[in-house]
Amino acid sequence: MDTEWRPTACVLCASNCGIEIRLDGRRLAGVRGDKAHPSSQGYSCEKPLRLDRYQNGVDRLTHPLRRRPDGTFERVGWDVAIAEIAARFSAVRDAHGGESIFYYGGGGQGNHLGGSYAGSFMRALGARYRSNALAQEKTGLFWVSDRMLGTMATGDFEHCEVALFVGKNPWQSHGLPRARPTLREIARDPARSLIVIDPRRTETAELADIHLRVRPGRDAWLLAALVAVVVQEDLIAGEWLAEHAVGLEEVRAVLREVPVPAYCETAGVPEELVRTAARRIAGAASVAVFEDLGVQMTLHSTLNSYLDNLLWLLTGNFGRPGTNNPPILLAPFITFSHHGPRPERFSPVAGARVISGLVPSNVVAEEILTDHPRRYRAMLVETANPAHSIADSKRMREALAALDLLVVVDVAMTETARLADYVLPAPSQFEKWEATFFNFETPANYFHLRRPVLDPPPGADLLPEPEIHARLCEAIGAVTEDHLRPLREAAGRGRAAFGQAFLAALADPALASVAPVLLYRTLGPTLPDGAAAAASLWAQAVRVAMAHPDAVRRAGVKGEGMELGDRLFDALLENPSGLVFAVDEPGDGWNRLGTPDGRIHLALPDLLEELAGLGAGPPGQQEFPFVLSAGERRAFTANTIVRDPAWRRRDGEGLLRMSPEDAAGLGLSAGSRARLTTRRGSVDVTVEITDSLQPGHVSLPNGLGLTYPADGGQVTTGAPPNELTDSRDRDPYAGTPWHKHVPARVEALA
Ligand SMILES: Nc1nc2c(c(=O)[nH]1)N[C@H]1C(S)=C(S)[C@@H](COP(=O)(O)OP(=O)(O)OC[C@H]3O[C@@H](n4cnc5c(=O)[nH]c(N)nc54)[C@H](O)[C@@H]3O)O[C@H]1N2
Ligand SMILES: Nc1nc2c(c(=O)[nH]1)N[C@H]1C(S)=C(S)[C@@H](COP(=O)(O)OP(=O)(O)OC[C@H]3O[C@@H](n4cnc5c(=O)[nH]c(N)nc54)[C@H](O)[C@@H]3O)O[C@H]1N2
Ligand code: SF4
Ligand SMILES: [Mo]
């Protein structure tokens with residue numbers, strides 16, 4: 001066993017805790033929290049202990065693969081793969097236009113560096129449409145926040161007096177630094193309060209001071225009642241709103257009419273408890289809020305996000321420590337444009353709203369399975385598993401099979417890779433330079449550029465994503481030696497000369513569109529320890545230093561202008577456990593408001609109309625008696641990042657949770673087998689009985705139902721949730737899926 005502990009990060013959820021790894025040969029034999037990591041500070045949960053199952057999975061890809069006419073795969077060399085893929089994408093572009101080429105993915109929970117280069121190849125082809133999992137969850141919130149704030153805001157849970165979690169179970173799903181200790185600290189402190197809105201009595205709800213145990217799918221009524229109490233009892237931050245917001249009267253007019261008792265009844269929550277929660281929120285010095293999939297993937301999802309934002313805005317919880325603040329993103333992978341010069345965009349076939357540059361995942365199949373002349377004909381999928389993760393897997397498989405060309409870049413043979421024409425193997429996240437772009441903390445934000453922990457497997461023929469994208473750009477002639485030479489020469493003369501030459505190159509739009517690959521090929525080779533993949537971050541470091549020089553200097557980086565950016569970039573390279581790169585002063589969040597008048601816009605007419613329409617009541621009796629939440633985060637789920645089922649120390653097959661009342665009614669006992677049926681399909685499951693669920697609500701974990709080699713064949717463990725979901729069940733504004741609200745039926749199996 002190696003005695004050295006090597007710093008890296010856990011890649012199993014968006015928290016990306018710093019960890020240290022000790023190797024035994026090629027095995028990740030020891031894993032522990034990294035105390036030097038600025039955000040997690042030594043914390044980690046139970047999941048990364050067996051990260052070796054990701055690193056050394058038996059279905060890891062070792063060579064580029066090409067599909068034969070009979071459907072099997074054959075190995076090809078990189079030169080052949082790159083040349084053929086470039087030629088086939090070019091042929092699709094020549095015949096149908098670049099817009100018919102679609103990109104999906106670009107980063108899972110820990111690897112966004114590779115995706116930062118993919119745009120170069122796509123733009124060079126003239127592609128305009130792309131998507132990823134954010135368009136299955138966050139785009140409704142982005143759209144609302146864009147219109148209200150011209151940006152987004154995240155909760156400061158370290159400093160808040162009241163923490164509010166809406167459809168979010170951070171005990172299991174994390175998403176805030178050191179989630180479990182942070183939750184315990186809030187719960188233990190009599191001066192602070194933890195409020196949870198969830199139909200389940202989750203681990204987080206168990207700790208809460210107030211648990212609003214809403215009926216599944218009835219959040220819109222509950223949130224409307226909460227905000228209405230704030231307005232009707234005159235608990236709003238009146239002076240603050242007069243100074244900072246517009247549209248209060250329109251909002252007040254609608255909220256005055258909300259019948260609080262009736263809406264609480266619809267939501268299934270006692271009115272007094274709702275009033276108590278509203279008063280606690282309005283009376284607190286600071287409230288931090290995190291809404292997540294429980295409200296973003298259920299009925300009225302975009303309205304839920306709007307009401308949620310109204311709750312903390314009407315009570316003045318923005319732009320101060322302990323409230324909700326716009327973070328400085330080192331890599332701006334979320335974009336806001338509503339208040340800018342560009343009109344809204346819509347997808348070419350389904351006409352679905354494109355938010356933050358993303359087509360809703362739920363319409364991707366619709367955009368392919370049609371004879372519409374503008375349909376997507378070719379697709380590049382990178383570090384995502386859409387055949388498993390997008391609603392209605394059956395239809396998604398059909399859509400992927402209907403493409404003229406499907407290319408998948410992954411580390412493992414996934415459900416999506418099996419359908420591809422070419423499968424391109426990348427080194428694992430521990431075998432290359434990597435980074436996550438999920439950096440949302442305020443007031444101190446951090447970034448972690450990770451070094452490789454070990455080499456790729458001997459004998460394997462892998463290429464990191466930046467190299468793949470650079471070679472593809474070169475193969476179609478978008479990047480040539482003539483483009484690179486002047487930049488390379490400038491890089492040889494130092495960073496200042498390089499900066500000048502790079503800015504000059506950007507004046508040519510064709511070069512600007514492939515800028516990341518130019519950086520990789522020219523600045524990249526000058527970086528220490530083979531860190532070429534980090535080159536795209538140089539441009540981001542310079543951008544952040546120009547836009548937020550004081551915040552960067554408060555983080556301890558010295559200098560002015562481009563030099564400050566250079567030093568920030570060097571600091572990223574020199575801190576293998578991560579670096580605080582920006583520190584805010586109280587009130588800095590206001591400078592990042594993106595509305596042209598510098599005000600918060602409270603009134604969104606379309607959503608106020610939907611709010612007024614809630615009076616008609618919830619949808620009537622369904623043909624199916626149960627609400628299925630398809631995709632609960634549990635102790636041993638991590639999307640589809642770890643494919644080996646032996647990774648799970650418990651709940652190995654992913655039990656269907658249901659209430660004792662429902663189990664008794666169906667004649668089921670713990671461990672019984674049952675058939676779960678929806679409009680789109682059936683799966684067989686094993687039942688767990690728990691009073692943490694309400695009658696009428698059943699819950700299945702996410703990330704199961706993967707097929708993995710075992711016993712000389714392929715074995716599928718657990719139920720794949722998207723065999724049950726329907727892509728038409730989606731939000732009318734953002735197209736986000738209602739995975740938490742799938743009408744279902746359960747029957748006992750003999
Ligand atoms: N362990 C683990 N952690 C993860 C992941 C993982 O796979 N495993 N995935 C990561 C990813 S990609 C994400 S996006 C996050 C998601 O993190 P979360 O959103 O916290 O995860 P979920 O468990 O999907 O949903 C949260 C809660 O919504 C509740 N819910 C269901 N229906 C409703 C409803 O109608 N109303 C309300 N208010 N709540 C409802 C569920 O009971 C559940 O407790 O987790 C991240 N962290
Ligand atoms: N029914 C239902 N469906 C859901 C959800 C739900 O709650 N219910 N949740 C949704 C949410 S919130 C999310 S975020 C999505 C997640 O779904 P996807 O976005 O499709 O992502 P993952 O399942 O995380 O797949 C990540 C892929 O990256 C690969 N990978 C790992 N490391 C590397 C690497 O270094 N390079 C490359 N190229 N590939 C790598 C893994 O092998 C895996 O195939 O699922 C969504 N789907
Ligand atoms: S799964 Fe998430 S919370 Fe747990 S160690 Fe990994 S990054 Fe941290
Ligand atoms: Mo997610």
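The basis for the numbers below is simple: all heavy atoms, side chains too, and nothing from hydrogens, waters or symmetry mates. One-based numbering, in listed order, for ligands and for the atoms of each.
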Validation row: E291, L141 side chains within 4.5 angstrom (heavy atoms):
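Counting from C-beta outward, E291 and L141 do come under 4.5 Å.
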
How close does the nearest protein non-hydrogen atom get to atom 5 (C) of ligand 1, and which residue and atom is it?
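For atom 5 (C) of ligand 1, the nearest protein heavy atom comes out as R633 CG, 3.2 Å.
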
Polar side chain donor-acceptor pair, [X] to [Y], under 3.5 angstrom:
X    : Y    : result
N309 : S145 : yes
D662 : S659 : yes
Y104 : S361 : yes
E382 : H469 : yes
E467 : Y520 : yes
N169 : T204 : yes

Any nitrogen or oxygen of [X], main chain or side chain, under 3.5 Å from a nitrogen or oxygen of ligand 2?
X    : value
V409 : yes
T725 : no
Y104 : no
A630 : yes
T414 : no
T383 : yes
N722 : yes
E434 : no

How about CZ on R728, more than 12 heavy atoms from neighbouring residues, nucleotides or ligands closer than 6.0 Å, or not?
no

If you measure from each non-hydrogen atom of K432 to ligand 2, which part falls under 4.0 Å: side chain, backbone, both or neither?
side chain

Could you see which bit of E465 sits under 4.0 Å from ligand 2, with heavy atoms only: side chain, backbone, both or neither?
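Side chain only.
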
Nearest non-hydrogen atom to [atom] belongs to which of [options]?
atom                    : options                : answer
atom 22 (P) of ligand 2 : V642, T640, L700, T637 : T640
atom 19 (O) of ligand 2 : C13, P737, A133        : A133
atom 10 (C) of ligand 2 : M297, E382, Q55        : M297
atom 3 (N) of ligand 1  : A14, S699, S173, P170  : S173
atom 4 (C) of ligand 2  : G631, P701, S389       : S389
atom 42 (O) of ligand 2 : N385, D292, D410       : D410
atom 14 (S) of ligand 1 : H174, E137, R200, R218 : E137

For ligand 1, is there an atom lying under 4.0 Å from some heavy atom of [X]?
X    : result
G703 : no
V166 : no
G175 : no

Against ligand 2, does [X] come closer than 4.0 Å with any heavy atom?
X    : value
K740 : yes
P427 : yes
G108 : no

Test R215 against E265 for salt bridge (Lys or Arg N to Asp or Glu O under 4.0 Å), laying out the working first.
CA-CA 10 Å; R215 264 191 215 129; E265 170 94 37; 5.6 Å; no

Does any N/O atom on [X] come nearer than 3.5 Å to any N/O atom on ligand 1?
X    : result
P199 : no
E632 : no
K138 : no
A635 : no

Taking the six-membered ring for Trp and the full ring for Phe, Tyr or His, determine whether the centres of Y376 and Y103 are under 6.0 Å apart.
no

Classify the contact between L12 and ligand 1 as side chain, backbone, both or neither, using a heavy-atom distance cut-off of under 4.0 Å.
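None of L12 does.
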
